Amino acid sequence: MSNPTATGRVLHATLDLLDRQLRDRNGKLCGNVDDLEITRDEETGQMFITAILCGPGVLAYRMGRRRLGRWLEEANRRVHDTPTHHEPFERTRIPIELAGQIGPTIELAVDVDDMATHDTERWTLTHIISHIPGNASRAHQ
Amino acid sequence: MKKVLGVALGVLTAIGGFVDMGDLVANAETGARFDMNLAWVVIVGVVGIIVYAEMAGRVAALCGRPVFDLVRERLGPRFGLANLLASFFINMLTLTAEIAGVALSLSLVSSVNYLFLIPFVALLVWLVCWRMKFETMERVFGLLGLCLLVFAVTVWKIGPDWNHLFSDATHPHVPHSETVFTYAYFGIALFGAAMTPYEVFFFSSGAVEDGWTRKDLGENKINVLIGFPLGAALSLAIMACTHLLLAPRNISVDQLSQVALPVASVVGRLGLAIVIIGIFAATFGAALETSLSAGYIVAQYLGWPWGKRGAPRTASRFHVVILMAIIGATLFGLTGVDPVKVTEYSIVLSAAALPLTYFPILVIANDPRYVGPEHTNGRFLNALASVYLVILLLVAIATIPLMIITKGGS
Amino acid sequence: MTSTPRPRSTRIRPVEQRRPRRTAGRAALALVAVLAASCSEHSVGPARTYDDYERKSRTSAEVALSAVETVRLLAETSSDGNAWGAYTSVSLSEQEDTLAEAEGDYASIQPPDHRSDDLRVKLLDLLGTAADHIAAVRIEARRGNLDSLEQVARPLADDSAALQQFLDSIKR
Amino acid sequence: MRISDLLEYSVVSADGARLGRVSDVRVIQDGPLLGGIQAAFRIDALVVGRGGLAERLGYIRGRVEGPWALRLLFSRLERRAQVVAVTDIAGWDEDTRTIRLIADAQRVRRTLEI
């Protein structure tokens, strides 16, 4: 076992990462860390945390509703067919290197609109909130 | 000077905001049924809310994280979800009770049946959630709530034997006409009314909405340490009123209008007008707090954008949850359930759910990664908070059995 | 957004089955059921013995006494000019409803024996009289004659005394 | 794989002793640079315990200090958890969801102290 204090910072995944509040590049709240992706290198046997996963299906999956979770994720993937990205891009997966500060909140170098956690926000906005007068202005002084 | 004014305003708001439908009903009922024998519970309850609200406010000011965010982080998604469902359910009962309370207070000046007024009240509540500035909302209803001070005036005008009243309150016993079980049940109701979880949901989320930082820690302390005890004094005044005026006549309180009766009979027409304004403001303010809390807890559990600081379109799911909660409570209220009964159940169940919410607050307030090493709880505070955690657990365990044994306190 | 260079895929696959944990959900459901049951339950259920019936008589009499006394205090307060019409008439209706409900509930309990019949007749009589007197006060209040409420409410003093006597006559 | 999958694995030492379930993973950020931005998050060890609330509160790992009674209780529970280095893993069994270790229980046993 390597000496944990020798290099790099030490984190505990469930303690320091899971369920933390996420913020996008503009400081907007954009979901919690619902799960983490772990990738294992076959040759060296080393494992890495490679991505933050977040979105409705992801949370269901984590809470033991495996099939429901995967179905939700798949549905989300089909509905949002990565229009703005050339490479295949999963809206529930934020590569870990895009996580800037890790503290009481985790700041991501991502835009909310690229995240699955924001889809229902957009839906309620276009279908409900934007039909109610006064939705765009701040409250009166 | 401006700063002092701000702090004073905050304290007054805290006093007026402390009392809601739950406190009105629980204190008036126990005063009429148990005289001052349960007054000590109000004190125990207010110390508890002071301890935990201060922690929640401090955590919110230092790391910008409101309570329900922490609930999920510390308890995990599963326990967190259980807590969310329980809290949301109780919050709906409370919201129903508060909306009905507003409608009842309006019916006392208009003689329109309160059921007809419920939709109108709900619309008003929603409009304020939708349009009014957070600070204005807090201040207006908190300050109007100060009208409830007329209860204290009433007690003073009755001119009781103060020594007697005090010794009654400090030497509690179970009255002959009651059992240990009903005594304990109403004790829990009073405790739940003082420590209702939505108060800390709202308080901590409000601190984030008001943009509190390290600089506001002092104001947090003052609000909590002065505002809440004075709010509790108000609760005791209500209890004393019904104890002095209704209990000797064998009147038991089962309607909101009876809560105002001692004031009318002692202070007169003006007093009645003031107390009804006070009841209106207290229940309306609490209806706002519970509507917003519904949105806060769901949004914070799921990490959605929340808050009424920005335009509604910047937190659309949050506003949808609020809208749904108000509609749900309205429909429930319109079924004609007895508002006083709903209030009783909401505060008693609140008491049962308390540990789930207060435990994570206590842990986080000791976590240097959140509040910084210099702002973690001191020894004394921790000792006190630990004692309360034990009380909360005992209360939570006892609540449901007592509810069944006493058949809801009857 | 950049895409990650992902290390070669792993052969560890997610686990399919998991025992669903629904205990929390079940507990919540049970709680709601208990609540619903206790909400819908009237303060008076069936009575199997005389003691039981007596206890229920006591509860009903106490509710009635509270209503009678509330109305007396209301009438006094209004006659003194300390309340306005809307407050008085709404409060009076509430008390009238409370008493009517107590009367209805009590009347629907099957008395278990002949001894109970006596109690039943006695208390129903008291409740009926009180209800009539409260109705009279309410009618007067609706007509706007707040000043004379105390006058109209006078018979309620006897009702109150009778209920008190009834309560004293049965054991605690 | 996701961490929620990993958290379902039990850990068994070479001599067949059950150490418990994976309740957390210790991560050290010292891997190769990712996208030229920051070092990769290498998983260094598994925290193996009974799961449960005590291991989420961070009384040891997060250096939460009070209140005294909670600290006593939860750090005790948390201390029962053990740390297993990733390099000690011999193999994975997907069907039974177990991780086998290369060494005996006595040799791998390390308590959680930071």
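Just so it is clear, the structure is predicted and the values come from calculations on it, not from any experiment. Throughout, a chain's letter reflects where its sequence line sits, starting with A, and its residues are numbered from 1.
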S.K.: With only heavy atoms counted, which part of B:I276 is less than 4.5 Å from chain C, the side chain, the backbone, both or neither?
M.R.: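 For B:I276, the contact with chain C is made by the side chain alone.
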S.K.: Less than 4.5 Å to any heavy atom of chain C: does that hold for the side chain of B:A273, its backbone, both, or neither?
M.R.: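 Both the backbone and the side chain of B:A273 come within 4.5 Å of chain C.
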S.K.: Which bit of B:A32 is near chain C, if near means a heavy-atom gap under 4.5 Å: side chain, backbone, both or neither?
M.R.: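 Answer is neither: B:A32 stays 4.5 Å or more from chain C.
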S.K.: Looking at B:V266, B:L261, B:L272, which one forms a side chain to side chain contact (heavy atoms under 4.5 Å, CB included) with C:T77?
M.R.: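 Exactly one pass, corresponding to B:L261.
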S.K.: Considering only heavy atoms, give the residues of residues 82-96 of chain C separated from chain B by less than 4.5 Å, sorted numerically, with 'none' for an empty result.
M.R.: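 Answer by number: C:N82, C:A83, C:W84, C:A86, C:Y87, C:S89, C:V90, C:S91, C:E94, C:Q95.
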S.K.: Is the number of heavy atoms from other residues, nucleotides or ligands within 6.0 Å of NE2 (B:H173) greater than 12?
M.R.: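 Yes, enclosed.
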S.K.: Heavy-atom distance under 4.5 Å to chain C: side chain of B:S110, backbone, both or neither?
M.R.: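 Only the backbone of B:S110 comes within 4.5 Å of chain C.
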S.K.: If the contact rule is any heavy atom under 4.5 Å from chain B, which residues of residues 131-140 of chain C qualify, in numerical order?
M.R.: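 Checking residues 131-140 of chain C against chain B gives no residue, so none.
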S.K.: Residues of residues 144-157 of chain C under 4.5 Å from chain B (heavy atom pairs)?
M.R.: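 Counting heavy atoms that sit under 4.5 Å from chain B, no residue of residues 144-157 of chain C is involved.
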S.K.: Provide the full list of salt bridge (Lys or Arg N to Asp or Glu O under 4.0 Å) pairs with a residue in residues 107-122 of chain C, sequence neighbours left out, each pair given once.
M.R.: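 Applying salt bridge (Lys or Arg N to Asp or Glu O under 4.0 Å) to every pair that reaches into residues 107-122 of chain C, excluding sequence neighbours, yields nothing.
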S.K.: Does the side chain of B:Q255 reach to within under 4.5 Å of the side chain of C:T98, using non-hydrogen atoms?
M.R.: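 The answer is yes, as the side chains (C-beta and beyond) meet within the 4.5 Å cut-off.
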S.K.: Using a cut-off of under 4.5 Å for heavy-atom pairs, which of B:V342, B:L270, B:V267, B:N250 has the most such pairs with chain C?
M.R.: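 The candidate making the most pairs under 4.5 Å is B:N250.
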S.K.: Can you tell me how far the OG atom of B:S257 sits from the CG atom of C:L74, to the nearest 0.5 Å?
M.R.: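 Going from OG on B:S257 over to CG on C:L74, the span is 7.0 Å.
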S.K.: So what's closer than 4.5 Å to chain C heavy atoms on B:L81: side chain, backbone, both or neither?
M.R.: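 For B:L81, neither part sits under 4.5 Å from chain C.
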S.K.: Counting only heavy atoms not in C:Y50, do more than 12 sit closer than 6.0 Å to its OH atom?
M.R.: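 Counting neighbours around OH of C:Y50, more than 12 heavy atoms of other residues, nucleotides or ligands fall under 6.0 Å, so yes.
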S.K.: So C:L73 and B:L246, side-chain contact (heavy atoms from CB on, under 4.5 Å) or not? Walk me through it.
M.R.: CA-CA 9 Å; C:L73 185 57; B:L246 303 186; 3.7 Å; yes
S.K.: At a 4.5 Å cut-off on heavy atoms, which part of B:A86 comes close to chain C: side chain, backbone, both, or neither?
M.R.: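 Neither the backbone nor the side chain of B:A86 comes within 4.5 Å of chain C.
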S.K.: Taking B:R249 for its side chain and C:T70 for its backbone only, find out whether a donor-acceptor pair lies under 3.5 Å.
M.R.: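 It does not hold such a pair.
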S.K.: Determine, step by step, whether C:S66 and B:Q258 satisfy the side-chain contact (heavy atoms from CB on, under 4.5 Å) criterion, reporting the C-alpha distance in whole Å, the side-chain angles of both residues, the deciding distance to 0.1 Å, and the verdict.
M.R.: CA-CA 11 Å; C:S66 167; B:Q258 287 169 300; 4.3 Å; yes
S.K.: Is B:D254 in contact with chain C via its backbone, its side chain, both, or neither, using a 4.5 Å heavy-atom distance?
M.R.: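 Contact with chain C: side chain only.
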